[in-house]
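This is a predicted model, so every value here is computed, not measured. Convention: sequence-line order gives letters A, B, ...; per-chain numbering from 1.
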Amino acid sequence: MLKRSLIVTAALVGLTGAATAQDSYNIGLTGALTGPAAGTYAPAVDGLRIYIDKVNAAGGVNGKKINLILLDDSAQPARAAANATRLVTDDKVVLLLNASLSSTYAPVVGESQKANVPLIFASSVCPKDVYPPANALQFCTTAFAANYDSRAVLDFVKATAKEPVKLGLSAMAIPISRGEIDYAEELSKTLGMTPVSKQIIPPPTPDYTPFATLIKDAGANWTYSWAPWVTQVRTLEGLRRLGWTGDYVAWAHLEAENELARLKDGKFFVVGANSLFQDDLPIHNEIAAAAKAAKSQYPVNQMTEGWIAGMVIEAALKGAGWPANAEKVTASLSNLKVDLKGLRGGELQWTKDNHFRTKQYYRVYRWDEAKGAIVRVRDWAPFDVK
Amino acid sequence: MSSREPRASGYFRSSYDQGLRLIETRMQWTALMLFLAALGTFPFIATSFQLDLACQVFLAAIGSIALMLLTGYAGQVSLGHAGLIAAGAFTAGILFKEFGAAFWITIPAAAVVGALIGLIFGLPSLRLRGLYLAVSTLALHFIVVYLGGEYETKRGFSTGIMIDAPRIGDLLIRDRKIWYFVLLAFAAVSLLISLNLLRSRTGRAWAAIRSHETIAEALGIGVPAHKLLAFVISSSMTAVAGALFAYYRGFVSVEAFSLFLSIQYVAMIIIGGMGSLLGAILGAIFVTLLPYMIEYAVGFLPNARSYAGMLAAFNYAAFGIVMILFLVFEPQGLVGIWRRVQNYFLLWPFKQKPLGGSRK
Amino acid sequence: MQLAINIAVLAAIYALIACGYVLIYRVSRVLNLAHGELMMLSAYLLLTTASLFSKNPLIAIAAAIFLSLCVGVLVYLFLMRRMTGEMVLAAVLTTVALGVLLRGLVVLVWSAQQQNPAQALGWVNYSIPVFGGRISAAGAALIITTALVYAGLFLFLRFSRYGIRMRAAGQNPLLAAQRGISLHAIYALAWGLSTLTGALAGILISLDSGLDSTMVLIGLKAFPAALVGGLDSLVGALIGSLIIAAAEVLMIYYVDALLSDVVPFLVLILMLVVRPWGLFGTREELDRV
């Protein structure tokens, strides 16, 4: 053991990252690119990568290329911490990005605060700190938003339901999902609905039928789920298998567009803040063409989040000028307006104390059997963020 | 540690006392001093990222030394190591959040909690052997993680419990260089405790139990007491490692303690070499650095960035393969390789030890 | 009634997985902790065969099952054969390592996205009314398959030549070998059969509810079922699965769904304390000097 120092030093010297040339904007992302949670994050990150490549191919920002460093944390907090450290200290990034489970936030936020480098949550759940009054260094481009989502969903349910609503609720047994469903339960009472059953489902559940049975037996006529896609859709499948005919509403995650077409369920509504590719806007064709050229292995319609993050980063770096440092990028982010070209209901605006967006818009979609296509049930409904 | 045989250089022991010494020759003293000097200067030449790696290695080393005591020396298999680390981390986190307890309270508290859990989960070992014991420790992991998750949700710390940097007197342990020395000290103390335990009566009792329980009992060793002691000491050390982990990262969250972490610790002692503290340390270094080495190696491939999405899968696969290779081809682990290399040079130009020669 | 159906489906899932653990343990005293991963691999193999034989779903399933059988035999021939005669623990850890390797490979080949083999086969999972409750087609298939597999295994072990040889190898490998039974062939057969039943479980579960890497955890949750019943008893695995499934579903219904995740392991600890060799298992021999 006395000679292990040799091994340690040899290994560590071998790991020294090559000093990065400072002729580009260095930005770094730690995300769940692989592992059990990757399905939600990897496509968005690939979208971001393709967008940045496109920007670079077109000459970069302010004449400089963007050097996007992608590190995988497999949604493990310890890996995320090590990644963030490396990005901040060795790669000297001017901007950090997180695209992973919420358990990785604490370590990444810690690094960002220590080094005074701004941090954008892209495709990962927005933490409390980005809502007004916002933490100076944290920003969020992700579509979904705790509390606002449930407000929009229940508002939609209230407007649509013809009978008194008996609400079933379904969450995955992870803190963020449980918190939101608890909030929805309280909120539904103030809107004159009766929450009849709330199911919190552990992630590795082989059979969802027992949970579905409980919701059905409680007599729910509407069920709302705000959880990772698996839980949302398997609760629905469980309910339908039991012959439940009520209306089901859930969050429109990345997978929504493909899955609506797979399930073909006319009473399954998805509420979301991103427009689906179904809408066929010019920007959608642009994304599809770029993804095809880059030979991405992920479905195009799951890349919107990454694209939006890319647009925001491009705008922020443009505003920060050259040479940029973390401070200038933070300043540029805190006063930003990005035209999202229809990917969302309006432009994304960040101010000094609102790092979420000043207005959040929601659209509702469902599958229409007669048309054999996804249809819009309700157009952009704006909610002010205060 | 060094082998218990005399060195081939011609140094022979002339009293029992000498056999018990940790450091026997002047050569070993020099090597130790050089090694300590290297450890001491490392933080001043390393980058912050390398320091972070070193700190991770120290944390892993404490855990793997603890597991080595239990499995490698006392012969009690545990697959619930991550659960114990989680228990230590949550003890520190909860005491800090609920009572604002300081570093010098939470660390001993973690040790006590670890010892208690060790006692409880040592109890099945009185009845169970091998496989069945491993399974009961596996259950421990699930229970601790469930309780931790419940605490997090019920108290609303959905993204984990944040812990402030600890403070000893006026010294705020925040800078990575300070952390390096703190963790180094803890690792060194764990190593010393283990060395001393192993060269004492306890260590010999454990070795007897591992070789054959019934014979150990016939020899007059208190088998149940020594088994429990192994669990208590090992769990206590592991829980301290968990608490240190919580402070070092500044947060605690159940997701950090997956079953895979337990597998990693088991891999450390296998890859390092069963029944050797040096093996525990080598294994900790190897397993901690492996993913980074793979990442580094992939960086050399053309078009490296398009592999980024597959790195963890690579890591998983490589980790599995390395573990299989060691299990199948080198059951002695890294230590086995190290000893063979050592022997090769010691015996050169001969290939084998002389049969029944003067050294026997 | 729905309660009983829910328990039956879950018990069938656990029982079909658990018999894989039992087969290998009974014959070679090795606990295969990679069973969950092998099961997942079979389900992913189905994805591939489904795209190859898109016209014939049944051929696709048969091909996937056959491939899984081959995987099981190959795993024994190239990996576990080397561990025969080594310490049991080393063999178990080898299966753990194999599991880790398979998890990595599956992501490398099929990506980490949620997949739907049922859609790939072009099947819809209908729901069938039975006795005042409802059951999904895949759930019903699970129960029937489990019944057939257990009946088949019972007949095979009791009456067929190879079944008797398997039991002999499990009881006393040395005597069996001296009697002229090829232990390696028997062990390989056990591994093949075990992955085959695992493949059936993996494929049916993925047809019922989609496929991603959490399937490994389902495999792990079935392990307490095998142990509670007794690791070397097929009847035990069946009863153990019923107990664990009932405990889990009743927990969801009447206490707290979150506990349902821990309950199999609580039952397991209880069993280990009271009767470590399980309800129907053989008591392991005591040490002799």
Contacting region of [X] [heavy-atom separation from chain C under 4.5 Å]:
{"X": "Q302(A)", "value": "side chain"}
{"X": "R234(A)", "value": "side chain"}
{"X": "P299(A)", "value": "side chain"}

- Message: I'd like to check T209(A) versus R134(C) (side-chain heavy atoms, cut-off strictly below 4.5 Å). Are they in contact?
- Response: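 No, every pair of side-chain atoms sits at 4.5 Å or beyond.
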
- Under 6.0 Å from the NZ atom of K198(A), do we count more than 12 heavy atoms belonging to anything else shown?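 Yes.
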
- NZ of K264(A): more than 12 outside heavy atoms within 6.0 angstrom?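 Atom NZ in K264(A) is crowded, with more than 12 foreign heavy atoms closer than 6.0 Å.
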
When rounded to the nearest 0.5 angstrom, what is the spacing between [atom1] in [X] and [atom2] in [Y]?
{"X": "D256(C)", "Y": "I200(A)", "atom1": "CG", "atom2": "CD1", "result": "7.5 Å"}
{"X": "E259(A)", "Y": "N116(C)", "atom1": "CD", "atom2": "CG", "result": "6.0 Å"}
{"X": "E248(C)", "Y": "T205(A)", "atom1": "CD", "atom2": "OG1", "result": "7.0 Å"}
{"X": "L3(C)", "Y": "D217(A)", "atom1": "CG", "atom2": "CG", "result": "10.0 Å"}

- Return the option, out of L220(C), I218(C), I128(C), V216(C), with the maximum number of heavy-atom pairs under 4.5 Å with chain A.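 Looking at each of L220(C), I218(C), I128(C), V216(C) in turn, I218(C) comes out on top.
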
- Query: For F211(A), what residues pass the ring pair (Phe, Tyr, Trp, His ring centres under 6.0 Å) criterion, not counting sequence neighbours?
  - Reply: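 Testing F211(A) for ring pair (Phe, Tyr, Trp, His ring centres under 6.0 Å), a comparison that skips the adjacent residues, returns none.
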
- Task: Can you check whether anything in residues 9-17 of chain C gets within less than 4.5 Å of chain A, heavy-atom wise, and list it by number?
- Result: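 When heavy atoms of chain A are the reference, residues 9-17 of chain C contributes V9(C), L10(C), I13(C), Y14(C) within the under-4.5 Å range.
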
- What's the shortest heavy-atom distance between L214(A) and I252(C), and which atoms?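 The answer is CD1-O, 3.6 Å.
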
- Taking all atoms of both residues into account, what is the closest heavy-atom pair of V249(C) and P210(A), and its distance?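 In terms of heavy atoms, the two residues are closest at CG2-CG, 4.2 Å.
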
- In terms of heavy-atom pairs under 4.5 Å with chain C, which of P202(A), P43(A), A173(A), A42(A) leads?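 Ranked by heavy-atom pairs under 4.5 Å with chain C, first place is P202(A).
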
